[in-house]
2 protein chains.
Amino acid sequence: MTGVSQATVSIVLNGRSEGEVRIAPETRDRVLRAIAETGYVADPVARRLAAGHNRIIGVFTYESVFPTSNSDFYHPFLVGIEQRAESLGSDLLLLTSAPVVDGRRRIFHEGNRLRLADGCVLLGRSLDREELARLLADGLHFVSIGRRDDAGGPVPYVGADYAAAVSALVHRAVRLGHTNLAYLGHGGPAESWADRMRGFTDTVSSLGVQGIHLPPATPAPAAVGGVGGGVAEVWERVRAAGVTAVFAEDHADGVALYQHAKQLGVPLSIATLGEPMRPGNESNVEFSGFRIPRQRMGAEAMDVLTALIEGNPTQTQRLLECELVVGETLVERK
Amino acid sequence: MTGVSQATVSIVLNGRSEGEVRIAPETRDRVLRAIAETGYVADPVARRLAAGHNRIIGVFTYESVFPTSNSDFYHPFLVGIEQRAESLGSDLLLLTSAPVVDGRRRIFHEGNRLRLADGCVLLGRSLDREELARLLADGLHFVSIGRRDDAGGPVPYVGADYAAAVSALVHRAVRLGHTNLAYLGHGGPAESWADRMRGFTDTVSSLGVQGIHLPPATPAPAAVGGVGGGVAEVWERVRAAGVTAVFAEDHADGVALYQHAKQLGVPLSIATLGEPMRPGNESNVEFSGFRIPRQRMGAEAMDVLTALIEGNPTQTQRLLECELVVGETLVERK
DNA sequence: TCAAGGGGCTAATACGAATTAGTAAACACT
DNA sequence: AGTGTTTACTAATTCGTATTAGCCCCTTGA
């Protein structure tokens with residue numbers, strides 16, 4: 001159309017016409033006009049092959065991106081990711097082609113397309129350790145949302161500082177007169193749960209108050225509704241130990257226990273360490289706890305990833321502060 | 001390592017050694033052994049470049065996919081799209097960066113990345129006719145979610161059969177004794193609204209009952225809350241015409257009118273022809289109407305698009321049946 | 001002995017951009 | 001006029017794989 005060579009188009013397209021290689025402004029305009037008219041876009045695949053990058057960021061989730069049930073757990077993260085992608089001028093590629101094996105998506109599989117993108121944001125409660133190790137070994141650019149333990153090397157991540165948040169809650173409880181606390185939950189296996197429990201255990205021992213660990217009453221991990229029929233049992237153990245403040249790993253567990261105690265007319269302080277999976281408070285009680293800065297996590301993950309891709313990584317492991325929620329359920333000990 | 005050519009490796013890798021091109025079993029084993037030893041994996045990028053397509057499906061929305069407010073509207077479509085993408089082994093490229101010109105997003109603009117993908121799903125209440133025409137003219141593969149009129153040629157779409165749904169509701173109203181009906185809404189400009197009104201008008205005239213058309217009281221299109229302060233006016237016209245059943249294009253309009261009539265203690269049947277924009281019924285009345293099969297629309301759009309891309313299009317214009325909601329607001333005429 | 005007919009493999013090319021070496025033309029300066 | 005120097009571009013190569021035309025060698029048959 002313009003009578004120029006492919007090389008010229010490439011140079012114009014990549015805005016290199018001002019540096020070492022120069023193109024006359026008129027020629028450049030002619031090319032740009034033709035591009036605008038035809039809507040031409042460089043093939044990302046060829047681009048990636050030739051240049052090694054294509055301004056596409058992959059988003060890999062271990063569950064569906066657009067979930068049916070647990071209303072938008074990912075949503076806030078994605079808002080942050082999308083915002084940053086837009087300002088960076090990158091497109092987002094949802095790696096939905098990864099097949100589900102044994103109930104979870106696998107990154108590595110025959111025909112995995114991770115390399116189509118310049119880098120990848122990993123989203124999921126728990127990431128497979130072996131896959132992380134392989135990502136590191138293969139030298140692929142990626143960031144995990146949520147802290148991860150080393151996997152044959154340090155894993156780049158942007159996580160929430162659960163340990164600090166829980167610690168702050170414990171401090172508050174102690175300030176309110178509680179000296180007999182309990183952590184209700186598994187404390188694992190994902191790093192996020194472990195961090196919460198560590199925050200509890202460390203703070204309790206450093207403050208010299210009593211802190212016990214209660215496993216949730218419902219052992220089945222797939223069971224919904226948290227504590228389920230076992231609230232009564234948990235309650236018994238809480239009473240027996242003389243606990244006056246409970247830190248519930250799972251929001252639903254905390255809610256159930258709170259309502260149980262309230263029905264019995266016994267005062268019990270509760271802090272929940274996870275956000276409700278479903279929006280809309282069943283009861284309209286605001287639970288004490290903290291808020292995970294999801295949107296910011298998404299945005300910062302993009303920052304880390306960009307830096308990684310461009311070869312000047314700074315602070316590839318970040319923990320963001322959670323916002324404390326005072327709420328109504330963590331109150332002075334009577 | 002094995003002393004064979006790159007071509008041989010490619011052939012072995014793709015298991016073509018039994019067809020037209022043949023490789024001796026011993027050679028094949030030697031290659032396979034070397035592959036196993038080195039852990040070699042074909043570069044997916046080069047693979048895609050050679051293959052000519054990239055198994056990327058673009059998703060174009062006239063608004064951001066992840067904004068907090070209107071995500072609920074798109075969500076079900078996206079669930080369907082993602083599900084199908086997964087089973088088709090495609091990745092999804094979010095084309096959210098379209099700039100807003102004259103109050104609406106444009107597909108074609110400087111730097112649009114539409115051609116990145118093999119094809120594209122278009123999502124939005126109303127699509128620009130010229131842009132559709134250009135998509136057709138350029139021979140780009142795409143499907144619209146929602147029926148579209150021809151734009152210099154037939155537009156591939158997967159829509160909801162609003163005409164049939166409204167028709168069914170009108171039939172029900174007549175069966176319940178109503179003979180004086182009204183359609184409350186613009187009946188345009190988008191195809192989806194026109195279809196609803198056509199369903200009403202056609203059915204009313206074929207059944208030989210009276211059916212009038214009432215424009216919504218709030219003329220400003222941007223105004224939220226539907227009928228707003230104009231309910232009273234609408235109500236006057238309904239009374240004056242002796243209408244006993246109203247078909248409200250906009251959900252909010254229907255709700256407002258229903259409540260107005262209820263307050264006055266006058267029986268009035270209402271059917272709403274659009275789903276509420278915000279979840280959570282303000283009042284806990286279940287309105288009569290229908291449900292749009294959004295998730296299925298998303299999935300079938302992917303089917304149509306895939307067929308289009310692969311060059312064997314079948315049924316590129318589909319209307320899916322809506323599920324009728326009996327509800328409590330369309331009742332027997334007293 | 002020579003042609004015909006496979007089997008088994010490779011050289012060459014395509015895919016679509018990015019990059020680099022190089023070249024022609026214009027210009028500057030002695 | 002001769003010798004740099006700059007400007008503005010293009011030809012050629014590269015990335016890693018898929019594909020195809022074709023080559024060589026071994027059989028077979030007359």
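Note on naming: letters A, B, ... go to the chains in the order of the sequence lines (proteins, then strands), and numbering restarts at 1 for each one. Note: hydrogens, waters and symmetry copies are ignored here, and every other heavy atom, side chains too, is used.
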Sugar-phosphate only, base, or nothing, as touched by A:Ala51 at under 4.0 Å among non-hydrogen atoms: sugar-phosphate

Chain B contact limits on DNA chain D, taken 5' to 3' with a cut-off of 4.0 angstrom to heavy atoms: D:dG16 to D:dT20

Heavy-atom side-chain proximity of A:Leu122 to A:Leu132 below 4.5 angstrom: yes

A:Arg115, CZ: over 12 other non-hydrogen atoms inside 6.0 angstrom: no

Distance in angstrom units between A:Asn54 CG and C:dG16 C1', rounded: 13 Å

Side-chain N,O (B:Ser5) to OP1/OP2 (C:dA11) below 4.0 Å: no

Touch class at under 4.0 angstrom, heavy-atom based, for A:Arg22 against every strand present: base

Protein-nucleotide distance (A:Gln6, atom CD; C:dA18, atom P), rounded to Å: 8 Å

A:Glu321 and A:Arg296, any side-chain heavy atoms less than 4.5 Å apart: no

Euclidean distance, atom CG of residue A:Asn14 to atom C1' of C:dG16 [Å, nearest integer]: 13 Å

Rounded distance (Å) that lies between atom P of C:dT19 and atom CG of A:Leu49: 12 Å

Residue whose nearest DNA chain C nucleotide is more 5′ - B:Ala50 or A:Ser10: B:Ala50

Closest contact, heavy atoms only, A:Met297 versus A:Gly146: CE-N, 4.2 Å

Phosphate contact (C:dT10 OP1 or OP2) by B:Thr8 side-chain N/O below 4.0 Å: yes

Any B:Arg28 side-chain heavy atom under 4.5 Å of B:Val31 side chain: no

Nucleotide C:dG16, atom P - distance to NE2 of B:His53 in whole Å: 13 Å

Sugar-phosphate, base or nothing in reach of A:Val4, heavy atoms under 4.0 Å: sugar-phosphate

Euclidean distance, atom CG of residue B:Asp118 to atom P of C:dG16 [Å, nearest integer]: 12 Å

Electrostatic pair A:Asp43:A:Arg48 at N-O distance under 4.0 angstrom: no

Closest-nucleotide ordering on DNA chain D, the 5'-leading residue of B:Val21 and B:Asp43: B:Asp43

Salt bridge present between B:Arg147 and B:Asp149 (N-O < 4.0 angstrom): yes

Touch class at under 4.0 angstrom, heavy-atom based, for A:Arg16 against every strand present: base

Nearest-Å distance for atom pair CD1/C1', residues B:Ile11 and C:dC9: 8 Å

Spacing of B:Glu18 atom CD relative to C:dC9 atom P, expressed in whole Å: 12 Å

Sugar-phosphate, base or nothing in reach of B:Ala7, heavy atoms under 4.0 Å: base

